[in-house]
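Some notes on the structure that comes next.
If you're wondering where the values come from, they're calculated on a predicted model, not measured in any experiment.
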Amino acid sequence: MKRSIPINKGNYSLDTSMRDNFFNKNRAHGVETEYARNRREWEDFPRLFHVADYPLLVDLELSSICNLKCPFCYTLSEGFKEQVDATLMDFELFSKVIDEIGDKVFAIRLSLRGEPTIHPRFIDAIHYAKSKGIKEVSTLTNASMLTPEFFTEAMEAGIDWITVSFDGLNDEYERNRYPLKFDTIYGHLQQALEIREKSGRVKPVIKVQTVWPAIEKDPLAYYEAMVKVSDLVAFNPLIDFANPKPFEQIEFEENFVCPQLYQRMVIAADGRVLLCANDEQSEHVIGNSRHQTIHEIWHGQELAVVRKQHLQRGGFRSVEICRKCFLPRKTRDDLFSCGDRPLIVQNYR
């Protein structure tokens with residue numbers, strides 16, 4: 001039976017193949033052998049349904065609190081406010097997790113739903129993870145805190161990869177990323193690249209990403225602006241959290257199996273371990289990192305049951321948050337262009 005196991009679905013490059021390759025080369029700098037193995041395993045393990053001793057990536061939500069009020073964000077919904085603790089992760093808990101996984105897990109991501117850089121020990125978290133053997137430390141940020149001083153501290157602490165959510169240009173950006181100002185955040189990125197260049201380093205690599213509707217009218221203008229302040233430019237199809245489709249109207253892939261079940265573990269700021277990175281409202285908790293080990297949860301009954309359900313034909317439909325997830329949904333290919341480059345946007349049906 002042929003399976004649908006989409007790897008890295010929902011995030012697409014707007015960039016040239018040359019810059020794509022250069023970004024990945026610099027991302028691997030200093031850990032080339034380990035990086036190459038990790039990338040192979042990232043694709044192979046889901047397709048082989050292989051459960052490794054530890055996940056390949058652990059997401060650690062340093063903050064479930066955000067300092068913005070973006071109109072399209074699910075964190076503004078009443079459901080999110082009712083179900084998710086608005087909190088910062090205890091550094092003691094962070095250290096406990098890192099102490100266990102430091103020499104066993106290739107990568108950690110210091111973000112999930114809130115803005116991680118508002119955590120007062122964000123820099124300490126980077127330094128601690130690198131000191132314990134984590135090969136790749138990354139984060140997703142709105143760059144509101146990414147002043148030259150902050151960026152320099154993060155770079156010196158050893159952060160490897162920063163992704164910046166930068167939705168649109170000028171007025172469009174300011175509507176989408178309220179109350180940030182376009183010129184301020186664009187300036188943060190300009191200064192970051194200048195600081196990195198003067199230091200003679202290639203890390204942290206900087207990726208800029210946007211939701212597609214914010215640039216749909218003129219993707220070339222967006223690309224030409226962002227190529228000057230980043231190593232890679234990417235986009236995501238919009239997931240309309242405010243107006244979700246009724247379940248019966250959604251078209252799903254045949255025989256879908258979620259790759260995340262074999263790739264990553266997600267730890268919320270309150271210590272609860274979520275089924276996956278797309279559990280926006282902490283609906284499906286599979287453990288608690290405060291009193292369980294990562295190894296115990298990764299091999300535990302709760303996750304094993306979901307893996308088994310996914311291996312059945314249409315089995316993902318029996319898991320509530322999987323039924324609502326964008327990963328099993330079919331997409332349509334919408335044709336656009338970025339200058340003289342054709343562009344296929346895989347929007348959700």
Self-check item: Y12-W212 aromatic ring centre distance below 6.0 Å
Solution: no
Quiz item: Quick one: are E283 and K324 in side-chain contact, heavy atoms under 4.5 Å?
Solution: yes
Exercise. Search all heavy atoms of L56 against all heavy atoms of V105 and return the closest pair with its distance.
Key: O-CG1, 3.7 Å
Quiz item: Distance-only, no hydrogens or angles: does the S63 side chain make a donor-acceptor pair with backbone N or O of G114 under 3.5 Å?
Solution: no
Quiz item: In chain order, what residues pass the side chain to side chain donor-acceptor pair (under 3.5 Å) check against D44, with sequence neighbours excluded?
Solution: none
Quiz item: Looking only at atom types and distance, does a side-chain atom of K132 sit under 3.5 Å from a main-chain N or O of D99, one as donor and one as acceptor?
Solution: no
Practice problem: Please name all residues satisfying side-chain contact (heavy atoms from CB on, under 4.5 Å) with E224, sequence neighbours left out, ordered by chain then number. | Solution: L220
Quiz item: Under 4.5 Å between any side-chain heavy atoms of K203 and N26, yes or no?
Solution: no
Quiz item: Partners of E172 by salt bridge (Lys or Arg N to Asp or Glu O under 4.0 Å), sequence neighbours excluded?
Solution: R175
Quiz prompt | Heavy-atom side-chain proximity of D279 to V266 below 4.5 angstrom | solution = no
Quiz prompt | Side chain D103, main chain G133, donor-acceptor under 3.5 Å | solution = no
Quiz item: Is the charged tip of R307 near the ring of Y262: under 6.0 Å from the six-membered ring centre and within 45° of its axis?
Solution: yes
Exercise. Please answer whether the main-chain N or O of V208 pairs with a side-chain N or O of S230 as donor and acceptor at a distance below 3.5 Å.
Key: no
Quiz item: Does L110 belong to the same Ile/Leu/Val/Met/Phe/Trp/Tyr cluster as F91, with side-chain heavy atoms less than 4.5 Å apart forming each link?
Solution: yes
Quiz prompt | Partners passing side chain to side chain donor-acceptor pair (under 3.5 Å) against D15 (at least two apart in sequence or in another chain) | solution = R19, Y223
Quiz prompt | Short side-chain to backbone donor-acceptor contact, H188 and A143, under 3.5 Å | solution = yes
Self-check item: Pairwise side-chain contact, V97 with E100, heavy-atom cut-off 4.5 Å (strictly under)
Solution: no
Practice problem: Any chance you could lay out the side chain to side chain donor-acceptor pair (under 3.5 Å) test for N255 and R313, step after step, and finish with the verdict? | Solution: CA-CA 5 Å; N255 303 321; R313 182 183 291 273; 3.3 Å; yes
Quiz item: W298 side chain to A52 main-chain N or O, any donor-acceptor pair under 3.5 Å?
Solution: yes
Quiz prompt | salt bridge (Lys or Arg N to Asp or Glu O under 4.0 Å) between D160 and R27, intermediate numbers included | solution = CA-CA 7 Å; D160 299 284; R27 181 181 161 190; over 6 Å; no
Quiz item: What distance separates I215 CD1 from F166 CZ, expressed to the nearest 0.5 Å?
Solution: 12.5 Å
Exercise. Output the distance between atom CG (L180) and atom CG (L68), rounded to the nearest 0.5 Å.
Key: 4.5 Å
Practice problem: Over all heavy atoms of both residues, which pair between T16 and R341 is shortest? Give the atoms and the distance, please. | Solution: CG2-NE, 3.9 Å
Self-check item: H127 atom NE2: more than 12 heavy-atom contacts under 6.0 Å
Solution: no
Quiz item: Do H295 and Y54 have ring centres separated by under 6.0 Å?
Solution: yes
Self-check item: S289 OG to M265 CE distance, which is reported to the nearest 0.5 Å
Solution: 9.5 Å
Quiz item: Are I250 and K330 close enough that some pair of their side-chain heavy atoms sits under 4.5 Å apart?
Solution: no
Quiz item: Where do I185 and R177 land on the side-chain contact (heavy atoms from CB on, under 4.5 Å) test, with the steps shown first?
Solution: CA-CA 10 Å; I185 306 306; R177 288 286 163 180; over 6 Å; no
Quiz item: If you round to the nearest 0.5 Å, how far is CD1 of I5 from CD of E253?
Solution: 12.0 Å
Exercise. Mark yes when over 12 heavy atoms from residues, nucleotides or ligands other than E32 sit less than 6.0 Å from its CD; otherwise mark no.
Key: yes
Exercise. Give the minimum heavy-atom separation between A225 and L169, together with the two atoms involved.
Key: CB-CD2, 3.9 Å
Self-check item: Working for side-chain contact (heavy atoms from CB on, under 4.5 Å), residues R196 and D231
Solution: CA-CA 12 Å; R196 192 187 68 187; D231 300 300; 2.7 Å; yes
Quiz item: Can the ring centres of F235 and Y222 be said to be less than 6.0 Å apart?
Solution: no
Quiz item: Heavy-atom distance under 4.5 Å between the side chains of M89 and I267, does that happen here?
Solution: yes
Quiz prompt | Output field: ring centroids F316/F252 closer than 6.0 Å | solution = yes
Practice problem: Give a yes or no on whether H299 atom NE2 has more than 12 heavy-atom contacts from other residues, nucleotides or ligands under 6.0 Å away. | Solution: yes
Quiz item: If you group Ile, Leu, Val, Met, Phe, Trp and Tyr by side-chain heavy-atom gaps below 4.5 Å, do I108 and I123 land in one group?
Solution: yes
Quiz item: Taking the side chain from E254 and the backbone from R3, do they hold a donor-acceptor pair closer than 3.5 Å?
Solution: no
Exercise. Tell me, with the steps shown, if N142 and N67 meet side-chain contact (heavy atoms from CB on, under 4.5 Å).
Key: CA-CA 9 Å; N142 58 38; N67 56 347; 3.1 Å; yes
Quiz prompt | Distance (rounded to the nearest 0.5 Å) between L343 CG and S337 OG | solution = 7.5 Å
Quiz item: Is there a side-chain contact between L261 and V306, using heavy atoms and a 4.5 Å cut-off?
Solution: yes
Quiz prompt | More than 12 heavy atoms from other groups under 6.0 Å of CZ on F182 | solution = yes
Quiz item: How far apart are the C-alpha atoms of L112 and L62, what are their side-chain angles, what is the distance that settles it, and do they pass the side-chain contact (heavy atoms from CB on, under 4.5 Å) test?
Solution: CA-CA 8 Å; L112 187 63; L62 289 186; over 6 Å; no
Exercise. Output, in order, the C-alpha distance, side-chain angles, deciding distance and verdict of salt bridge (Lys or Arg N to Asp or Glu O under 4.0 Å) for D183 and K181.
Key: CA-CA 6 Å; D183 288 343; K181 297 301 180 184; over 6 Å; no
Quiz item: Between E61 and R113, does a salt bridge (Lys or Arg N to Asp or Glu O under 4.0 Å) hold up when you go through it step by step?
Solution: CA-CA 7 Å; E61 183 183 51; R113 297 167 294 193; 2.7 Å; yes
Quiz item: Are F45 and V58 grouped together when hydrophobic residues (ILVMFWY) are joined by side-chain heavy atoms under 4.5 angstrom apart?
Solution: yes
Self-check item: Electrostatic pair K96-D90, nearest N-O below 4.0 angstrom
Solution: no
Quiz prompt | ILVMFWY network linking L140 to I134, side-chain heavy atoms under 4.5 angstrom | solution = no
Self-check item: Donor-acceptor contact below 3.5 Å, side chain E136 vs main chain A107
Solution: no
Quiz item: Can you list the residues that meet the side chain to side chain donor-acceptor pair (under 3.5 Å) rule with R39, with sequence neighbours excluded?
Solution: none
Quiz item: Below 4.5 Å, heavy atoms only, C-beta onward: do L335 and I344 meet side chain to side chain?
Solution: yes
Quiz item: Could R109 and W161 be counted as a cation-pi pair, given that NZ or CZ must be under 6.0 Å from the ring centre and within 45° of the axis?
Solution: yes
Exercise. To the nearest 0.5 Å, tell me how far T139 OG1 sits from I126 CD1.
Key: 7.5 Å
Practice problem: Could you state whether V137 and F106 fall into the same hydrophobic cluster, counting links through intermediate Ile, Leu, Val, Met, Phe, Trp or Tyr residues with side-chain heavy atoms under 4.5 angstrom apart? | Solution: no
Self-check item: Partners passing side chain to side chain donor-acceptor pair (under 3.5 Å) against S131 (at least two apart in sequence or in another chain)
Solution: none
